[in-house]
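Single-structure report; data block below.
Here, residue 1 is the first one in the sequence, and each next residue gets the next number.
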Amino acid sequence: QVQLVESGGGSVQAGGSLRLSCAASVYTDSTYWMAWFRQAPGKEREGVASISSNGSKKYADSVKGRFTISKDFAKNTLYLQMNSLKPEDTAMYYCAVDRWGASGGIFIGPLYNYWGQGTQVSVSS
């Protein structure tokens, strides 16, 4: 059974930084993808960044150059370093796992098998 727990959210001013963490109870040694999604009030859920079991990465155009996704295999933890935050980054951020690699890292929610409960990020102007 896989369990994902996000942390690191909070309230910051525009231009500030936050580092989100996602602790996973189980990792595999075969192909898989992990990703960060976000959802703001009144908007649809959107993909932010993804990383594969071999380190391949994908980013949404809106966060390229500002956000960095990474993982620590030894700690079974996924990270999202967010710099130069903007008010439009305000959202609930979710960690997700595509256990079987079917997604290829693309940002389609139903292709991911496991989801965390989310952590709130609020950016003020």
Look up atom [atom1] in [X] and atom [atom2] in [Y], then write down how far apart they are to the nearest 0.5 Å.
{"X": "E46", "Y": "Q39", "atom1": "CD", "atom2": "CD", "answer": "9.5 Å"}
{"X": "L80", "Y": "S21", "atom1": "CG", "atom2": "OG", "answer": "9.5 Å"}
{"X": "S17", "Y": "F67", "atom1": "OG", "atom2": "CZ", "answer": "9.5 Å"}
{"X": "S50", "Y": "I69", "atom1": "OG", "atom2": "CD1", "answer": "6.0 Å"}

Heavy atoms only: give me the nearest [X]-[Y] pair and the separation to one decimal.
{"X": "A91", "Y": "A40", "value": "CB-N, 3.8 Å"}
{"X": "T77", "Y": "K75", "value": "OG1-O, 2.9 Å"}
{"X": "C95", "Y": "M34", "value": "SG-CE, 4.3 Å"}
{"X": "A24", "Y": "L4", "value": "CB-CD2, 3.6 Å"}
{"X": "S125", "Y": "A14", "value": "CA-CB, 4.3 Å"}

Any chance you could lay out the side chain to side chain contact (heavy atoms under 4.5 Å, CB included) test for K71 and C22, step after step, and finish with the verdict? CA-CA 9 Å; K71 63 179 180 180; C22 173; over 6 Å; no

For the hydrophobic clusters of this structure (ILVMFWY residues joined by side-chain heavy atoms under 4.5 Å, transitively), does one cluster hold both [X] and [Y]?
{"X": "W115", "Y": "I108", "result": "yes"}
{"X": "F107", "Y": "Y114", "result": "no"}
{"X": "V63", "Y": "V12", "result": "yes"}
{"X": "Y94", "Y": "I106", "result": "yes"}

Flag, side chain of T90 to backbone of V123, donor-acceptor distance under 3.5 Å: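 Flag set: sc T90 to bb V123 pair under 3.5 Å.
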
Strictly distance-based, threshold 3.5 Å: is any side-chain N or O of Q117 a donor or acceptor partner for the main-chain N or O of E6?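 No, Q117 side chain to E6 backbone: no donor-acceptor pair under 3.5 Å.
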
Determine whether T68 and Y59 make a side-chain contact, defined as any pair of heavy atoms from C-beta on separated by less than 4.5 Å.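 SC-SC contact between T68 and Y59 confirmed.
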
Could you tell me if the side chain of S103 sits less than 4.5 Å from the side chain of K58, heavy atoms only?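 Not touching, per the 4.5 Å side-chain cut-off.
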
Steps toward side chain to side chain contact (heavy atoms under 4.5 Å, CB included) verdict (S7, T119): CA-CA 6 Å; S7 62; T119 185; 5.6 Å; no

Is the shortest distance from a Lys or Arg side-chain nitrogen in K86 or D89 to a carboxylate oxygen in the other one below 4.0 Å?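 A salt bridge is absent here (no side-chain N lies under 4.0 Å from a carboxylate O).
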
Could you work out, with side chain to side chain donor-acceptor pair (under 3.5 Å) as the rule, every residue matching N113, not counting sequence neighbours?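 Per chain and number, N113 pairs via side chain to side chain donor-acceptor pair (under 3.5 Å) with no residue.
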
Name the one of W33, F37, W36, Y32 that satisfies ring pair (Phe, Tyr, Trp, His ring centres under 6.0 Å) with Y112?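 Single pass found, and it is F37.
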
Dump the intermediate steps for side chain to side chain contact (heavy atoms under 4.5 Å, CB included) on M82 and L20, then the final yes or no. CA-CA 8 Å; M82 304 185 293; L20 306 184; 3.7 Å; yes

